Number of protein chains: 2
Amino acid sequence: MLRLSKLTDYATVLLGYMARAKLEIHAAVEIAHATGIALPTVSKLLKLLAHSGLVHSIRGAKGGYCLSHAPERISVADIVQAIEGPIALTECSISDDYCEQSAHCDIRGNWRVINKAMRTALESVSLADLAFKIKPSTALEFKVSVDSLTRG
Amino acid sequence: MLRLSKLTDYATVLLGYMARAKLEIHAAVEIAHATGIALPTVSKLLKLLAHSGLVHSIRGAKGGYCLSHAPERISVADIVQAIEGPIALTECSISDDYCEQSAHCDIRGNWRVINKAMRTALESVSLADLAFKIKPSTALEFKVSVDSLTRG
DNA sequence: TTAAATAGTACTAATATAGTACTCTAAATT
DNA sequence: AATTTAGAGTACTATATTAGTACTATTTAA
Ligand code: FES
Ligand code: FES
């Protein structure tokens, strides 16, 4: 089905809330309340996001989480990677010596191109785009040149 | 991890073989042999691909499968959809009334843009690109205008 | 009529995801 | 200093999805 996990979806909802709210610091409980996502899940997600540096955590009483960067600076690719790990459409594209058949496989190199295309697509949309309405005049444009894909 | 299923990966390998081989008709056993993928899996995949019209099946002795279209005419998006179903990154993007929170959700419309971007990326690479080397001079280029996204 | 080959269906096993619970540590308030 | 609030970390369980297998029916060539 080529879909993002529910957790990633939740993460966008939750970050979207943080992007829209004025106050800087938000406790996990507050976010859970505001978004309707179960508290343990919110905690888990915020921990993951903090670990990837997308949000900053403040411990102790009156603590909470705040966005590390402006919503415009956080891309959907960042969020996906924080929750799901590296964006790699096929096993083979993760590393050179992962796949058994890599010796007689002509396809791998070309998957890289597709991977790159997907990543570029996700990088070109920001949290701000998600949280607020994308303006109808906007056009997303990607260009992936094959030359640049020696690796990754 | 945002990845394609192994089955989809196998499907590309298998279709890649069919694209490169000269003979038109290939029995499932032959393909299994040539690609090293287990026969039952190959059968299952070819059935799915036949159901989506990407390959044509000939029953009975001397039967087998052949590509329905030239490799240039088959996109990676077609293959993914044949095996995994519709490309929809989030539940919400599948249909209007699927998600409980859709009433107070500002994010859904914007996911559509991302979806479209991903689909466009996958549509712009053909089976021929996968099966043979993509020429280094090639540049993949996508442009997704938000205006065009009333639905889908 | 026999053999070769796909169609269709149903089942099992393996894996990944989602969600929960619990303990530990840090900071603020009293 | 004691207490309370809130995140950090870990480990576990339940659920859902994916992968793989087996079996029967149908079709066509020889
Ligand atoms: S390297 Fe793994 S299938 Fe090509
Ligand atoms: S419509 Fe489902 S979360 Fe937005």
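Remember, it's a predicted structure, so these values are computed and weren't measured experimentally. A, B, ... follow the sequence lines: proteins, then strands. Residue 1 opens every chain.
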* **Residues forming a side-chain contact (heavy atoms from CB on, under 4.5 Å) with B:A77, sequence neighbours excluded** => B:S75, B:I87, B:L122, B:E123
* **side-chain contact (heavy atoms from CB on, under 4.5 Å) against B:E24, all qualifying residues, sequence neighbours excluded** => none
Between [N] atom [atom2] and [X] atom [atom1], what is the distance in whole Å?
| X | N | atom1 | atom2 | value |
| --- | --- | --- | --- | --- |
| B:R3 | D:dA19 | CZ | P | 10 Å |
| A:L49 | D:dG7 | CG | C1' | 14 Å |
| A:H56 | D:dA6 | NE2 | P | 17 Å |
| B:E84 | D:dT17 | CD | C1' | 12 Å |
| B:L4 | D:dT18 | CG | C1' | 14 Å |
| A:L45 | D:dG7 | CG | C1' | 14 Å |

* How would nucleotides 3-12 of chain C be written as a contact map, 5' to 3', with B for base contact, S for sugar-phosphate-only contact and - for no contact, using protein heavy atoms under 4.0 Å? -> -BSBBB----
* Does atom NE2 of B:H69 have more than 12 heavy-atom neighbours from other groups under 6.0 Å away? -> yes
* **Where A:M18 and A:V55 come nearest, the two heavy atoms and their spacing** => CE-CG1, 4.3 Å
* Structure fact -> Taken to the nearest 0.5 Å, the spacing of B:I37 CD1 from B:Y10 OH works out to 7.0 Å
* Is a side-chain N or O of B:T8 found less than 3.5 angstrom from the main chain of B:I83, in a donor-acceptor match? -> no
